[in-house]
Amino acid sequence: MNNNDELQVQIQYALVEKLSNSNRRQAKLLAILDECIFECDKHLNLTYINEAWEKKLGYSSDSLIGSNITKLMNCDDIMHFVAYSCCLLEGKQTPSVEIQIKNSLGLLNWFELRLVYDEKSGFIGSLYDIQRHKDSQLLLTQQQKYVKRLSLVASHTNNLVIITDKFGVIEWVNNSFEVLTGYTCDEVIGTSPGHLLQGPKTCEKSRKVMSHAVKNGLPFQVETTNYDKNGNIYWVAIDANPVRDDEGQVKHFIAIETNITQRVKAEQAMAEIEYNYHSVVDNIPDIVLRLDTFGNLLFINQAWQRVLHSKVDESLGLPIIKFIAKEDVEKISSTLLDYKQGKRDIRRFDIRLINAQGINNWV
């Protein structure tokens, strides 16, 4: 072998070694990629896959080489894949497509497919995992549908509905809220219900309960006083609950508020009537009392204490016969029995009440 031949051999060895080193670097690069890289011939039979296939889909190289890649797809995605490859064969530039690939357990995973065509070897492609993105899209769609249904229901209820973020900042209110308060939805978004609706007569205890619940992500139920846009007072019963995500973190609060203004006014009117009634009867020198159908004392005026020397609060709830002489018990018992049976006529009779010292008092 002359010097020229020896030099040629050395050059060939150097080129082979360089090519071998290049292939090793390429193989290492493909091995660390997170994408599923593959090569297939013109008939779509796999000729190469990288290690990501086993990590992502559970397939080894030996199990797939020689197989047709379309066997890993459903019918719709096969059509997409074939159409995509045909466009490349015709020299058309096409964007990526989203398809589902079956893993080794037969479950479908979403991937973004990119293909290039090489006339010598066929197709070279990559599959980028977009399953998490698809799951997020699905969850978002479900949440949007849920919010839409919730908004539809909330828009047609007479109760006030307020949706806030986790910090208690208003994101949405329904039409009933707008009607009662005078504020529009656009006006209140970004504000807090407390800053907007509470005032001088708002119960301080209710404020603290609501503030503590929001800060700690807890449900709460309170009755409190609010103010509308014109400063008019109204009463509401609030039932609020946190809305949590799949990880248990609070994302929103939904408060259902019932307008109880008429009920509160009625209770206040009744309390005033009761107070006035007590004020009158407590100044009557004769005993005035009210019994339930079993003969237990529901109400007695102050004359009871003056006549019998028994405290009013200690006597309430006790049976009347406890304070009546044995000889007169039958009169009361028969009258109560007749009352239960519907005989509501007025009865007048004399009885003896026994005071705290055991002395009879005719009444």
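Please read all numbers here as calculations on a predicted model, not as lab measurements.
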Next item on the list: Applying ring-ring contact (aromatic ring centres under 6.0 Å, His included), name anything that partners Y227, two or more places apart in sequence or on another chain.
Entry: none
Check: Does W304 have any ring-ring contact (aromatic ring centres under 6.0 Å, His included) partners at least two apart in sequence or in another chain, and if so, which?
Finding: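 Residues passing ring-ring contact (aromatic ring centres under 6.0 Å, His included) with W304: F323.
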How close do [X] and [Y] get, heavy atom to heavy atom, and via which atoms?
X: D239; Y: Q221; result: OD1-NE2, 3.2 Å
X: G168; Y: P193; result: O-CD, 3.3 Å
X: L297; Y: L291; result: CD2-CD2, 3.5 Å
X: Q100; Y: N74; result: OE1-ND2, 3.7 Å
X: V161; Y: N174; result: N-OD1, 3.0 Å
X: S96; Y: Y84; result: CA-OH, 4.0 Å

Hydrophobic clustering (ILVMFWY, side-chain heavy atoms < 4.5 Å, transitive) - are [Y] and [X] grouped together?
X: I124; Y: L88; value: no
X: L72; Y: L107; value: no
X: L308; Y: V312; value: yes

Quick one: are [X] and [Y] in side-chain contact, heavy atoms under 4.5 Å?
X: S126; Y: C36; answer: no
X: L298; Y: N296; answer: no
X: Q198; Y: N226; answer: yes
X: I101; Y: M73; answer: yes
X: K56; Y: N109; answer: no
X: N68; Y: N45; answer: yes
X: V307; Y: L353; answer: no

Let me confirm one number: the [atom1]-[atom2] distance from [X] to [Y], rounded to the nearest 0.5 Å.
X: L127; Y: L115; atom1: CG; atom2: CG; answer: 8.5 Å
X: S85; Y: L44; atom1: OG; atom2: CG; answer: 5.0 Å
X: I254; Y: I163; atom1: CD1; atom2: CD1; answer: 5.0 Å
X: L57; Y: I49; atom1: CG; atom2: CD1; answer: 9.0 Å
X: R290; Y: L316; atom1: CZ; atom2: CG; answer: 10.0 Å
X: I69; Y: I99; atom1: CD1; atom2: CD1; answer: 6.5 Å

Next item on the list: Could you identify which residues cluster with V214, counting Ile, Leu, Val, Met, Phe, Trp and Tyr as linked when any side-chain heavy atoms lie under 4.5 Å apart, either directly or through a chain of such contacts?
Entry: L160, I162, I170, V173, F177, L180, Y183, V188, L196, L197, V209, M210, F220, V222, Y234, V236, I238, V250, F253
For [X], which residues count as a side chain to side chain donor-acceptor pair (under 3.5 Å) partner, sequence neighbours excluded?
X: H309; result: none
X: T258; result: N159
X: E327; result: none
X: S60; result: S63

Over 12 foreign heavy atoms within 6.0 Å of [atom1], [X]:
X: R306; atom1: CZ; result: yes
X: K134; atom1: NZ; result: yes
X: K331; atom1: NZ; result: yes
X: E272; atom1: CD; result: no

Going by the salt bridge (Lys or Arg N to Asp or Glu O under 4.0 Å) test, which pairs reach into [range], not counting sequence neighbours?
range: residues 38-48; result: none
range: residues 99-109; result: none
range: residues 214-229; result: E187-K229, E223-R263

Check: So, N259 versus T261: side-chain donor-acceptor pair below 3.5 Å or not?
Finding: yes
Between the main-chain N or O of [Y] and the side-chain N or O of [X], is there a donor-acceptor pair closer than 3.5 Å?
X: W172; Y: C185; value: no
X: N241; Y: I256; value: no
X: R207; Y: G194; value: no

Checklist line | Where at least one partner belongs to residues 92-145, residue pairs that pass ring pair (Phe, Tyr, Trp, His ring centres under 6.0 Å), sequence neighbours excluded | finding: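 Listed by first then second residue: Y117-F123.
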Check: Should the pair W53 and Y59 be assigned to parallel (<30°), tilted (30 to 60°) or perpendicular (>60°) ring geometry?
Finding: tilted
Per-pair distances, 0.1 Å, donor-acceptor, side chain in residues 354-363, under 3.5 Å, sequence neighbours excluded:
{"from": "N355", "atom 1": "OD1", "to": "Q357", "atom 2": "N", "distance (Å)": "2.8"}
{"from": "N355", "atom 1": "OD1", "to": "G358", "atom 2": "N", "distance (Å)": "3.0"}
{"from": "N355", "atom 1": "OD1", "to": "I359", "atom 2": "N", "distance (Å)": "2.9"}
{"from": "N361", "atom 1": "ND2", "to": "I359", "atom 2": "O", "distance (Å)": "3.1"}

